[in-house]
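Note sheet for the following structure.
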Amino acid sequence: MQAGRYNPAELEPKWQAVWDGSDSLYAAEAHDSGKPKFYCLEMLPYPSGQLHMGHVRNYAIGDALARFMWMRGFNVLHPMGWDAFGLPAENAALKNNTPPREWTLKNIAAMKVQMRRMGLSYDWATEVTTCLPDYYRWNQWFFLKMVEKDLAYKKSSKVNWCPKCATVLANEQVVGGCCWRHEDTLVEQRELEQWFLRITKYADELLDGLDKMPGWPEKVRTMQKNWIGRSEGATVEFAVSGEAEKQVLSEDDSQKSKSNDNGDAAAKIAVFTTRVDTIFGATSVQLAPEHALVKEWVKTDSKLAADVEEMIAQQKAARETGDIGNIEKHGVSTGKHAVNPFNGATVPVWVANYILADYGTGAIMSVPAHDERDFEFATKYGLPVKRVIAPAVEGEPDALPSTGEEEAVLIDSGEWTGEACLEAQEKMAAFAETKGFGKKTTTFRLKDWGVSRQRYWGTPIPMVYCKNGHEGLKPGGIVALPESALPVLLPDSIEITQEGGSPLGKVPSFVETSCPVCGGPARRETDTMDTFVDSSWYFYRYTDAKNAGAPFDSAKVNYWFPIDQYIGGVEHAILHLIYSRFWTKVMRDLGMINNGEPAERLFTQGMVIKDGAKMSKSKGNVVSPDLMIEKYGADATRMYALFAAPPDRDLEWQEEGVAGVSRFLARVYRLTSKYAEGVKALEAGVNGDEIAPGMVAGQTVLGAKLLRTL
RNA sequence: GCCCGGAUGGUGGAAUCGGCAGACACAGCGGACUUAAAAUCCGCAGACCUGAAAGGGUCGUGGGGGUUCAAGUCCCCCUCCGGGCACCA
């Protein structure tokens, strides 16, 4: 028998047919198999209809690892699914007049064919498709649980609106002021009634957990840390002098409203600071233009009203040119004054464009001597600068503003003079609390997750609005459906529009329903859930994908979890990867799972680039995986993706390199074929000229390499 | 501005704990096979100097300093490129 010629076009389909034919080949085994388990997971794709090189790289890495662990004798779970809800299906519907459901399922089928051609070792018996009712009904189920636990609530607030998507976006979906799907489209602010998930309840745990996750890249942990943005400091109340109005609180600060019944209490401004030790150096108080007190004052001060309006307009303009963050500091005096409760000093109250309404209390004390921004502002407007931290070298004052060294000591600070800054921070906050004008406070940058979307192709929110508006229920007659009413099915053939409001609102058979409490007429919620809800827990469903009575069986999840290796793009660092950590903690608190973190190890692979730029249609540098497979075979394509650059770095796609890998595989094949006779003699029954393809042989080596890298 | 990466031949990159820099591959060059070409196989290949050749020598991992018997690798300073965050009080 002559040495076989390497012909992937012949070889690969043959073996893929063998693999497809044996269902159990890559199937995970039962929990009592006695083998150690290994859960290898790649982020599930959106079924756009076309696999791109980024997918190929992601899945080649996961596949090599899964096979490696499988061959080492682990019980491996290596599933795949489809993040199948989302806007592109609606856009396609508008464009081609194809229903989103049909379009999506067709794409899934096409991509599955591509994945099989890639020779990826998925256990298709555990496949999850998020747009099918047997999956999304559990989104609804979780939502009801969260309503019950007060983790889901509805409120009116300023939200991000993408005019192209014609829907609201979560904060995490706004990238550089633009929509995450439309990087050239600026997000607008709109005031809307929306459902929110109380992710902030877990802010501390989400943050502190990051330090106990050595298997996650430092980069991702840092991004999450910054996103959560915990600041420890204090709030201190400055009384507005000469005011005899009711206390006005910033909008988010509902807790403090108790001490509000005293009608003649002076208006107070609560400021948040991380450096309460420098309060003796405060020479003004600065309010955000949107601050509640400012809204009061402009009613009787038309000059102030005009100035503030202009400030807001300027900010909006800056946001539109992308210059927000660089605009010059700018402020107007309100003519009012406030009293520093620590030393009784009366300082002017200003409105300034660099104060954010939605961070802290929307108001600060300005300490120009020890804060750069305050210094810049004070210099511009001639406000006094008062040093309260001793210079590092006595008699040689360092340049202002100075934030103080570790050992810095306070000066000119009344009874705290001579205290070390760090200690003074603690003591002064405690003092303020005993005196009732302040307290230690922690604020977060993280906001609750807005999950309402004014779109059709998503999970219906299982809530109704009773027209009778019962007593004792949430305001406005908001009624949660009973579990027995699930799933709330998405109606099938409807007209997709992109005008204001969800397309579901125009489907009477969907909207009109009855109240589960009184039986009277009711209107369904027509917004759908953010698609990031779907991907927040999909990897739990893989362990028990066909369960019709529950999202999953806890025993199965507890066996497989945590995910041993999660692999995907870094672009989800503060989207999917923070939402799914939140969801995991919620499920843990519902008693459904043991573990509080979903993944032991996370790997973020680099981008695939071509001619120095990320592959994209607009740049015209897209390389089609299908074409590569056709020309060089799946093995060469995959092996090149693994070999040509370290998995965590960007990979420059060079077709000559794929050709080189293909030649390498041909050599391996010839070499093995040459010895096939001997192998045949040793193992009667094996076809000598049909040595298993490079997929297995090559990947043992690459798997070992990968493990070291991961 | 702040945080995190990165910089090694013509090219992608390797060097895992401080121990022969340039693995492997692409492109290139020479040879074999062929009527010829492709494919395949064998070989050469960091730069510079030197030698007829075999060989010998000097320099060399973005730049500058340092530690060490020994530095791509550790320390300090700087430049450039990529990414993230960005008035967060």
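Naming convention: chains lettered A, B, ... in sequence-line order (proteins, then strands); numbering from 1 in each chain.
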So which protein N/O to nucleotides 41-43 of chain B N/O distances come out below 3.5 Å?
from   : atom 1 : to       : atom 2 : distance (Å)
B:rC41 : OP1    : A:Arg667 : NE     : 3.2
B:rC41 : OP1    : A:Arg670 : NH2    : 2.9

Check the interface with nucleotides 4-12 of chain B: list each N/O to N/O pair with the protein under 3.5 Å, or write none.
from   : atom 1 : to       : atom 2 : distance (Å)
B:rU11 : O2'    : A:Gln654 : NE2    : 3.4
B:rG12 : O2'    : A:Ala644 : O      : 2.9

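Of the side-chain N and O atoms in A:Ser231, one or more sit less than 4.0 angstrom from OP1 or OP2 of B:rA89.
A cation-pi geometry, defined here as NZ or CZ lying under 6.0 Å from the six-membered ring centre and within 45° of its normal, does not hold between A:Arg601 and A:Trp216.
The side-chain contact (heavy atoms from CB on, under 4.5 Å) test applied to A:Ile609 returns A:Met607, A:Asp650, A:Glu652, not counting sequence neighbours. Under the rule for a side-chain contact (heavy atoms from CB on, under 4.5 Å), the partners of A:Thr278 that lie at least two apart in sequence or sit in another chain are A:Arg275, A:Met365, A:Val367, A:His370, A:Val388, A:Ile389. In this structure A:Tyr566 satisfies the ring-ring contact (aromatic ring centres under 6.0 Å, His included) test together with A:Phe539, A:His576, sequence neighbours excluded. With sequence neighbours excluded, the residues satisfying side-chain contact (heavy atoms from CB on, under 4.5 Å) with A:Ala636 are A:Tyr632, A:Val658, A:Val661, A:Ser662, A:Leu665. The salt bridge (Lys or Arg N to Asp or Glu O under 4.0 Å) check on A:Asp204 picks up A:Arg230, with sequence neighbours excluded. Partners of A:Glu426 under the salt bridge (Lys or Arg N to Asp or Glu O under 4.0 Å) rule, at least two apart in sequence or in another chain, are A:Lys440. A:Lys158 pairs by the salt bridge (Lys or Arg N to Asp or Glu O under 4.0 Å) definition with nothing, not counting sequence neighbours. Qualifying salt bridge (Lys or Arg N to Asp or Glu O under 4.0 Å) partners for A:Asp371, counting only residues two or more places apart in sequence or in other chains: A:Arg373.
Taking atom C1' in both B:rC48 and B:rG60, the straight-line distance is 10 Å, to the nearest Å. Annotation: B:rA14 and B:rG22 have their C1' atoms spaced 8 Å apart (nearest Å). Rounded to whole Å, the separation between the P atoms of B:rG18 and B:rA71 comes to 14 Å. For B:rA70 and B:rG5, the P atoms lie 29 Å apart once the distance is rounded to whole Å.
For residues 363-385 of chain A, proximity to RNA chain B is found at A:Ile364, A:Arg373, defined as any non-hydrogen atom under 4.0 angstrom from a strand atom.
When heavy atoms are screened at a 4.0 angstrom cut-off, A:Gly660 is found touching the sugar-phosphate backbone but no base atom.
Residue whose closest nucleotide on RNA chain B sits further toward the 5' end, between A:Val661 and A:Tyr354: A:Val661.
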Only Watson-Crick and G-U wobble pairs with both distances less than 3.5 Å should count. Give RNA chain B in dot-bracket notation, marking inter-strand partners with |. (((((((..(((......[....))).(((((.......))))).(((((....)))))..(((((..]....))))))))))))....
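Taking the O4'-C1'-N9-C4 or O4'-C1'-N1-C2 dihedral as appropriate, B:rC17 has a value within 90° of 0 and is therefore syn.
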